[in-house]
Amino acid sequence: QVQLVESGGGSVQAGGSLRLSCAVSAYTDSNVYVYMGWFRQAPGKVREGVAAIASDGTIKYGDSVKGRFTISKDSAKNTLYLQMNSLKPEDTAMYYCATGLAAFRFWVTLARNAYKYWGQGTQVTVSS
């Protein structure tokens with residue numbers, strides 16, 4: 001069972017920055033391609049994909065965060081990051097990291113149904 005633990009959430013004023021981290025327990029099978037992503041869910045809204053990164057580093061961003069958020073990973077530390085800059089009140093949500101397995105090293109998606117393992121989430125609140 002893969003476990004994911006998010007950290008780094010908090011409260012910040014609009015225009016500020018936060019960096020989220022997600023510690024991932026290692027897959028026991030090294031012969032797999034792993035993609036990882038960040039999602040968020042605001043109260044009463046559908047969980048949406050924010051950013052995702054493939055095994056080979058290919059990246060996708062949701063339209064609402066392009067140019068403001070940066071996803072990265074440290075494979076040696078099994079840790080996923082999300083640097084969030086120029087935060088807006090509409091970025092307020094619970095943020096989740098997730099991971100899944102792919103057949104190709106370049107494959108990545110923001111579709112939440114493609115992810116198998118999820119963390120418990122970390123809250124981000126942006127005030128105006």
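- Minimum heavy-atom separation, A93 to A42: CB-N, 3.8 Å.
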For this session: For side chain to side chain contact (heavy atoms under 4.5 Å, CB included), just list the numbers for L18 and L87, CA-CA rounded to whole Å, side-chain angles, deciding distance to a tenth of an Å, and then say yes or no.
Result: CA-CA 8 Å; L18 283 174; L87 282 162; 4.2 Å; yes
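- Taking all atoms of both residues into account, the shortest heavy-atom contact from A14 to S128 is CB-CA, 4.3 Å.
- Using a 30° and 60° split on the angle between ring planes, F69 and Y95 fall in the tilted class, from 30° to 60°.
- When side chains are defined from C-beta on, V34 does not count as touching S55, because their heavy atoms never get closer than 4.5 Å.
- Atom-to-atom distance recorded for W38:CH2 and T122:OG1 is 7.5 Å, nearest 0.5 angstrom.
- Listed here is the closest heavy atom pair of A52 and V108: CB-CG2, 3.4 Å.
- At a threshold of 4.5 Å between side-chain heavy atoms, the hydrophobic network of Ile, Leu, Val, Met, Phe, Trp and Tyr places V5 and Y96 in two separate groups.
- For the atom pair CD (E6) and SG (C22), the distance works out to 5.0 Å, reported to the nearest 0.5 Å.
- You'll find the side chain of V126 stays beyond 4.5 Å of the side chain of E90, heavy atoms only.
- Atom CD of Q83 is separated from atom OG of S72 by 8.5 Å, given to the nearest 0.5 angstrom.
- Seen from the ring of W118, R47 counts as a face-on cation partner, given the 6.0 Å and 45° thresholds.
- Residues V65 and V12 share a hydrophobic cluster, clusters being chains of Ile/Leu/Val/Met/Phe/Trp/Tyr side chains in contact below 4.5 Å.
- Linking Ile, Leu, Val, Met, Phe, Trp and Tyr residues whenever their side-chain heavy atoms come within less than 4.5 Å leaves W107 and L110 in two separate clusters.
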Residue pair M84, L20: steps toward the side chain to side chain contact (heavy atoms under 4.5 Å, CB included) verdict: CA-CA 8 Å; M84 305 186 294; L20 304 184; 3.8 Å; yes
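- Counted within 6.0 Å of CD on Q120, heavy atoms from surrounding residues, nucleotides or ligands total 12 or fewer; the atom is thus considered open.
- Judged by distance alone, with hydrogens and angles left aside, the side-chain atoms of K66 form no donor-acceptor pair with the main-chain N or O of K60 at under 3.5 Å.
- The line from CG of N85 to OG1 of T70 is 6.5 Å long, rounded to the nearest 0.5 Å.
- With rounding to the nearest 0.5 angstrom, the CG atom of L82 is 6.5 Å from the CD1 atom of I71.
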For this session: Test V124 against T92 for side chain to side chain contact (heavy atoms under 4.5 Å, CB included), laying out the working first.
Result: CA-CA 5 Å; V124 171; T92 295; 5.9 Å; no
**Prompt:** Do T99 and L4 pass the side chain to side chain contact (heavy atoms under 4.5 Å, CB included) test, and can you show the C-alpha distance, the side-chain angles, and the key distance before you say yes or no?
**Reply:** CA-CA 9 Å; T99 184; L4 301 91; 4.1 Å; yes
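- Rounded to the nearest 0.5 angstrom, Q3 CD and N78 CG are separated by 13.0 Å.
- For the pair T79 (side chain) and K77 (backbone), a donor-acceptor distance under 3.5 Å is present.
- A centroid separation of less than 6.0 Å is found between the aromatic rings of Y115 and Y35.
- S64 and R40 share a side-chain donor-acceptor pair at under 3.5 Å.
- Under a hydrophobic clustering in which Ile, Leu, Val, Met, Phe, Trp and Tyr are joined whenever their side-chain heavy atoms come within less than 4.5 Å, directly or via other members, Y81 and M36 fall into different clusters.
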